[in-house]
Enquirer: 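Mind looking over this structure? Questions follow.
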2 protein chains.
Amino acid sequence: MTTELKKSRGRPRVFDMDEALDKALNIFWERGYEGASLAELTETLGINKPSLYAAFGNKEELFKKALLRYATGPVAFVKVAMSEPTAYKVAQTFLVKAAEFLTDSQHPKGCMIVQGALSSGESAEVVRNVLIKQRASYENLLAERFMRAKIESDLPSDANPKDLAKYLATLHQGMSVQATSGATKEELLEMVNLALKAWPK
Amino acid sequence: MTTELKKSRGRPRVFDMDEALDKALNIFWERGYEGASLAELTETLGINKPSLYAAFGNKEELFKKALLRYATGPVAFVKVAMSEPTAYKVAQTFLVKAAEFLTDSQHPKGCMIVQGALSSGESAEVVRNVLIKQRASYENLLAERFMRAKIESDLPSDANPKDLAKYLATLHQGMSVQATSGATKEELLEMVNLALKAWPK
DNA sequence: ATATTTATTTACCGATTGGTATTTAATTAT
DNA sequence: ATAATTAAATACCAATCGGTAAATAAATAT
């Protein structure tokens with residue numbers, strides 16, 4: 001049963017919006033917001049500009065919708081890691097899954113939220129701030145998880161949840177750069193192994 | 001005595017090339033290669049395009065020259081860190097100086113070598129690869145320093161210099177993203193303190 | 001004084017940028 | 001059948017992109 005009831009009125013859309021969004025996501029992921037041109041987008045999606053604008057708004061809206069799809073799709077592993085039983089397990093799962101994800105050859109290397117708009121021109125200012133907030137939001141999730149761990153005596157009393165969260169976020173962001181620069185999964189996993197030695201006991 | 005003997009023949013250049021290069025460096029540093037437009041460059045340098053092209057070649061050459069100035073100027077602290085007497089001191093100095101440098105309000109936040117061209121369009125491909133090589137080169141310097149430390153029994157025999165180097169490089173690259181996203185020097189220094197706990201003894 | 005050399009200025013180039021108005025095609029409602 | 005609705009295709013827009021040709025200005029060499 002793949003059917004969808006559609007009693008839409010006018011001419012039916014000839015392309016699948018989710019498929020198109022996935023293709024757009026891949027381009028933004030690889031090129032960044034500014035580096036992805038409308039020409040490359042429309043060519044890859046197989047539609048022309050007016051169709052893209054009618055369906056998604058404009059380039060910025062398209063990016064935001066691709067970003068939402070990214071956050072709820074490929075990056076779902078973060079929330080999984082967060083629900084591990086102990087703080088150490090959370091950190092370990094987060095870093096290991098990140099190392100695997102960032103170097104996965106099934107999709108562009110690195111993290112779109114980290115690199116989608118880092119150093120960029122004025123035209124990317126809005127997107128840049130969206131991504132900054134998103135990164136801060138993930139870091140906050142980690143910090144809150146570690147605050148809980150402290151209450152549960154799962155972390156020493158002198159451990160600082162914010163520092164721990166920033167440590168993981170920084171490693172993740174660094175690994176994103178590493179992956180984009182050619183680092184392999186194995187290299188990152190070895191490094192993660194070392195990084196976990198800093199974890200408080 | 002700030003005099004320079006100059007018996008140049010034709011009309012003398014009216015701007016100082018080093019000053020201009022510094023201004024260009026600042027723009028590339030903040031905007032990245034693609035995000036920095038010729039318009040913004042010429043406007044900030046106070047010269048017009050033909051002068052810029054006559055003096056520096058083209059945009060790509062200008063970037064490379066600004067990059068060289070960056071590497072031999074602001075980023076000289078890396079070589080200083082490398083000459084600390086012990087491996088631990090090298091790591092500590094490298095991370096502490098990086099945290100201070102990346103958040104210094106005297107210049108753009110973050111590291112130009114990390115963020116100058118990360119996710120970008122085709123037009124930045126050459127520059128992107130130049131920066132990838134540069135990052136690898138710094139990581140190699142660290143690895144070699146830690147190989148020496150091992151020989152000097154300054155690191156345990158089971159320590160892996162390449163892993164240690166990648167650990168520091170990853171933290172540095174992550175801190176660059178953090179600094180660009182608003183992290184303060186204090187936050188990063190606290191995190192560095194935590195990160196150093198992973199160091200082998 | 002004149003020729004030569006080099007830099008600056010002005011004006012321009014084709015290509016590409018993100019974005020749209022207009023026309024045409026395909027569907028449902030009446 | 002016809003009107004209404006929605007999407008696709010073509011053709012276009014001003015603005016900006018990196019880059020340059022041609023003319024002018026300021027210095028030195030002869």
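A note on names: the letters A, B, ... follow the listed sequences, proteins ahead of strands, and every chain is numbered from 1.
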Enquirer: Judged by each residue's nearest nucleotide on DNA chain D, which is more toward the 5′ side, A:R11 or B:K59?
Expert: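 Mapping each residue to its closest nucleotide by heavy atoms, the 5'-most match is A:R11.
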Enquirer: Please pick, from C:dT4, C:dC12, C:dT27, the nucleotide with the shortest atom-to-atom distance to any side-chain atom of A:P12.
Expert: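 That would be C:dT27.
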Enquirer: A:S51 has a side chain; which of D:dA8, C:dT5, D:dT5 sits nearest to it?
Expert: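 Nucleotide nearest to A:S51's side chain: D:dA8.
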Enquirer: Using the side-chain heavy atoms of A:R13, tell me which of these nucleotides is nearest: C:dT10, C:dT8, D:dA8.
Expert: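 Of the options given, the side chain of A:R13 lies nearest D:dA8.
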Enquirer: Counting only heavy atoms from other residues, nucleotides and ligands, does the tally under 6.0 Å from CD of A:E100 exceed 12?
Expert: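 Yes, the 6.0 Å shell around CD holds more than 12 heavy atoms from other groups.
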Enquirer: Measure from CZ on B:F56 to C1' on C:dA7 and round the result to the nearest Å.
Expert: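 Rounding to the nearest Å, CZ of B:F56 and C1' of C:dA7 are 13 Å apart.
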Enquirer: Counting side-chain heavy atoms from C-beta on, which of D:dA8, C:dT8, C:dT20 comes nearest to A:F15?
Expert: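 Nearest to the side chain of A:F15 among the choices is D:dA8.
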Enquirer: Assign each of B:A39 and B:G10 to its nearest nucleotide of DNA chain D by heavy atoms, then name whichever residue's nucleotide is nearer the 5' end.
Expert: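 Closest to the 5' end, via its nearest nucleotide, is B:A39.
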Enquirer: Nearest whole angstrom, please: distance from the P of C:dG18 to the CZ of A:F63.
Expert: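 One finds 14 Å between P of C:dG18 and CZ of A:F63, rounded.
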Enquirer: What integer distance in Å separates B:L45:CG from C:dT9:P?
Expert: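 Between P of C:dT9 and CG of B:L45: 13 Å.
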Enquirer: Under 4.0 Å between a side-chain N or O of B:N48 and OP1 or OP2 of C:dT9?
Expert: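 Checking B:N48 against C:dT9: at least one side-chain N or O falls below 4.0 Å of OP1 or OP2.
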Enquirer: What is the separation between atom CG on A:L38 and atom P on D:dT16, rounded to the nearest whole Å?
Expert: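 Interatomic distance, CG of A:L38 to P of D:dT16: 16 Å.
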Enquirer: Rounding to a whole Å, what distance do you find between A:R31:CZ and C:dT17:P?
Expert: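 The distance from CZ of A:R31 to P of C:dT17 comes to 11 Å, rounded to the nearest Å.
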Enquirer: Expressed in angstrom and rounded to an integer, what is the separation of A:Y53 atom OH from C:dG18 atom C1'?
Expert: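 Value for this atom pair: 5 Å.
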Enquirer: Got a donor-acceptor contact below 3.5 angstrom from the A:K150 side chain to the A:A159 backbone?
Expert: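 Checking the backbone N and O of A:A159 against the side chain of A:K150, a donor-acceptor pair under 3.5 Å is found.
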Enquirer: Parallel, tilted or perpendicular: which describes the rings of B:F15 and B:F56, with under 30° parallel and over 60° perpendicular?
Expert: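 Because their plane-to-plane angle lies in the 30° to 60° range, the rings of B:F15 and B:F56 count as tilted.
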